[in-house]
Amino acid sequence: MIECEDGVSRTQAQVTPTGQSGIALKRISPAIGVEVSGIDLRQPMTPEQYTELRQALVAHKVLVFRDQNITPAQHVAFARRFGDLELHPVFPHHPDHPELVLLGGNSKIPGTENVYHTDVSWRETPSMASILRCVECPEVGGDTVWINMEEAYEKLPEARKQQISKLFAVHDILPSFGARMTPEEQLAARAKYPPVVHPVVRTHPESGKKILYVNETFVTHFANFTSHFDSFRSANEIHAQQQDLMNYLLRQPALLEYQMRLHWEPNTIAMWDNRSTQHYAISDYFPAVRRMHRATVIGDKPF
């Protein structure tokens, strides 16, 4: 039996009260995620509820709320309690609430989010958290997987930790979203959102924990690989070793021991710490329809 920092056994999925607010948490997997009960998101949060949810988010990284039949306005209001909200430059927005992006295809367009990623890591200040509500989903399929990237870093061999400790990676909007844009829109996006450089190992600003911070959707290459490693015989060797290391790091989220999997139902809400997780939306439901609303809280510059 493994005891966690909060004293809850990792082999049990028990409901644990968090404090005086009535909120309770039930573990989803040993590595990541809790189901939250005892709160109605249609109502404004009390200061105690806010504090407990913020602490739970940092500790468990994914919070799942079931049967929350909230309006778009209530969705935005709940998200805004955690910080300012971003406006996504590519996804379509809710007509009355531009802070909400509309995710999902239709019976003719399959989903394309089936890749491990951290949202908007191409921003200078990537998001702190996302709050995703299921509006419509198939009876089976369309699950989402989240990955604990703190644990992915912690379980790396010490030699790997030393190897990547001073590396930076380049994050770029265009490799993923460029296909949705005209050439003119691509030029505008490149001017407004140039590639940014973030540490390969970032530090969580609230917990102080180290996080493996590269993802296959937006990271293109290391920014300082050759300056950090100077014992190469040829340019081919530089390229090969850089690519080998990048591929090794990008494989880490696929390890099942770091993951949780969520089966969606209408009015299920998932809130995740975008600083310390990656996620993967499983596109196994086409031609069924899966529609979501997402609000995203602006974060901080990784360090």
Side-chain angles (χ1 to χ4, degrees), residues 4-8 14-28 32-88 94 96-101 118-120 123 125-135 144 146 148-150 202-209 211 260 262 264 267-277 279 292-303:
C4 303
E5 291 180 356
D6 57 10
V8 178
Q14 64 195 64
V15 176
T16 306
T18 62
Q20 302 302 313
S21 70
I23 291 175
L25 309 178
K26 182 179 179 180
R27 285 188 178 276
I28 296 173
I32 182 173
V34 289
E35 284 206 20
V36 182
S37 59
I39 186 170
D40 183 349
L41 300 187
R42 295 173 299 180
Q43 306 301 321
M45 281 188 292
T46 66
E48 293 78 15
Q49 288 174 326
Y50 167 79
T51 298
E52 290 177 23
L53 288 183
R54 182 110 189 185
Q55 291 173 345
L57 182 68
V58 174
H60 300 288
K61 300 169 181 58
V62 181
L63 310 181
V64 175
F65 307 82
R66 296 288 191 180
D67 301 316
Q68 298 285 344
N69 187 17
I70 61 175
T71 66
Q74 291 166 339
H75 189 165
V76 170
F78 171 73
R80 189 168 280 131
R81 280 296 303 273
F82 294 88
D84 293 333
L85 304 184
E86 73 166 32
L87 300 180
H88 198 283
H94 189 281
D96 300 320
H97 302 278
E99 303 92 343
L100 288 181
V101 298
T118 300
D119 287 336
V120 299
R123 289 189 184 273
T125 54
S127 63
M128 170 265 188
S130 294
I131 300 96
L132 183 67
R133 172 175 169 256
C134 177
V135 177
T144 300
W146 280 270
N148 182 341
M149 296 307 295
E150 285 181 6
R202 72 172 293 180
T203 302
H204 197 287
E206 296 180 61
S207 71
K209 299 290 185 64
I211 302 157
M260 62 158 278
L262 175 63
W264 293 98
N267 295 321
T268 293
I269 293 173
M271 178 178 186
W272 64 93
D273 191 330
N274 198 54
R275 302 163 295 189
S276 56
T277 64
H279 56 283
M292 306 287 198
H293 291 176
R294 190 185 79 194
T296 302
V297 183
I298 296 172
D300 52 274
K301 183 174 175 57
F303 63 94

Backbone of Asp96 reached by a side-chain donor or acceptor of His94 within 3.5 Å: yes
Quiz item: Just wondering, do Phe65 and Ile70 contact through their side chains at under 4.5 Å, heavy atoms?
Solution: no
The reported gap from CZ in Arg66 to CG in Asn267 (rounded to nearest 0.5 angstrom) is 11.0 Å
query = Can any side-chain N or O of Arg81 pair as donor or acceptor with the backbone N or O of Met45 at less than 3.5 Å?
reply = yes
Taking every heavy atom of Phe82 against every heavy atom of Arg54, the minimum-distance pair comes out as O-NH1, 3.4 Å
Looking at side-chain heavy atoms only, is the closest gap between Val62 and His279 below 4.5 Å?
no
Inset, instruction - For the pair Ser207 and Glu150, evaluate side-chain contact (heavy atoms from CB on, under 4.5 Å) and give the outcome as yes or no after the intermediate values. - result: CA-CA 11 Å; Ser207 71; Glu150 285 181 6; 3.7 Å; yes
- Task: List the steps and the verdict of side-chain contact (heavy atoms from CB on, under 4.5 Å) for Glu52 and Leu25.
- Result: CA-CA 10 Å; Glu52 290 177 23; Leu25 309 178; over 6 Å; no
| task | State, yes or no, whether a side-chain contact exists between Arg80 and Glu99 at a heavy-atom distance under 4.5 Å. | result | yes
Here the pair of heavy atoms bringing Arg42 nearest to Gln68 is N-OE1, 4.4 Å
Rounded to the nearest 0.5 Å, the NE2 atom of His204 sits from the CD1 atom of Ile211 at a distance of 5.5 Å
Worksheet entry | Side chain proximity check, Arg275 to Asp300, heavy atoms < 4.5 angstrom | yes
> Is there side-chain contact between Leu53 and Phe78, with heavy atoms separated by less than 4.5 Å?
Replying inline: yes
Correct closest heavy-atom pair for His75 and His293 would be CE1-O, 3.3 Å
How far apart are the C-alpha atoms of His60 and Arg27, what are their side-chain angles, what is the distance that settles it, and do they pass the side-chain contact (heavy atoms from CB on, under 4.5 Å) test? CA-CA 9 Å; His60 300 288; Arg27 285 188 178 276; 3.8 Å; yes
Value for CH2 (Trp272) from CG (Leu57), rounded to nearest 0.5 Å, stands at 11.0 Å
In short, Arg123 meets Leu87 closest at the heavy-atom pair NH2-O, 3.2 Å
The reported gap from CG in Asn69 to CG in Leu41 (rounded to nearest 0.5 angstrom) is 11.0 Å
Separation between CG (Leu63) and CD1 (Ile23), nearest 0.5 Å, reads 9.0 Å
task = May I ask you to check whether Asp119 and Ser127 show a side-chain donor-acceptor distance below 3.5 Å?
result = no
In short, Thr118 meets Thr277 closest at the heavy-atom pair OG1-O, 3.2 Å
Nearest heavy-atom contact between Ala129 and Met271 is CB-CE, 4.2 Å
Output for pair (Met128 CE, Leu85 CG), nearest 0.5 Å, gives 11.0 Å
**Asked** Does atom CG of Asp84 have more than 12 heavy-atom neighbours, drawn from other residues, nucleotides or ligands, at distances under 6.0 Å?
**Response** no
Would Leu132 and Trp264 count as a side-chain contact (heavy atoms from CB on, under 4.5 Å) here? Give the steps. CA-CA 11 Å; Leu132 183 67; Trp264 293 98; 3.6 Å; yes
Given the options Ile28, Val34, Ile269, Val64 meets side chain to side chain contact (heavy atoms under 4.5 Å, CB included) only with Ile28
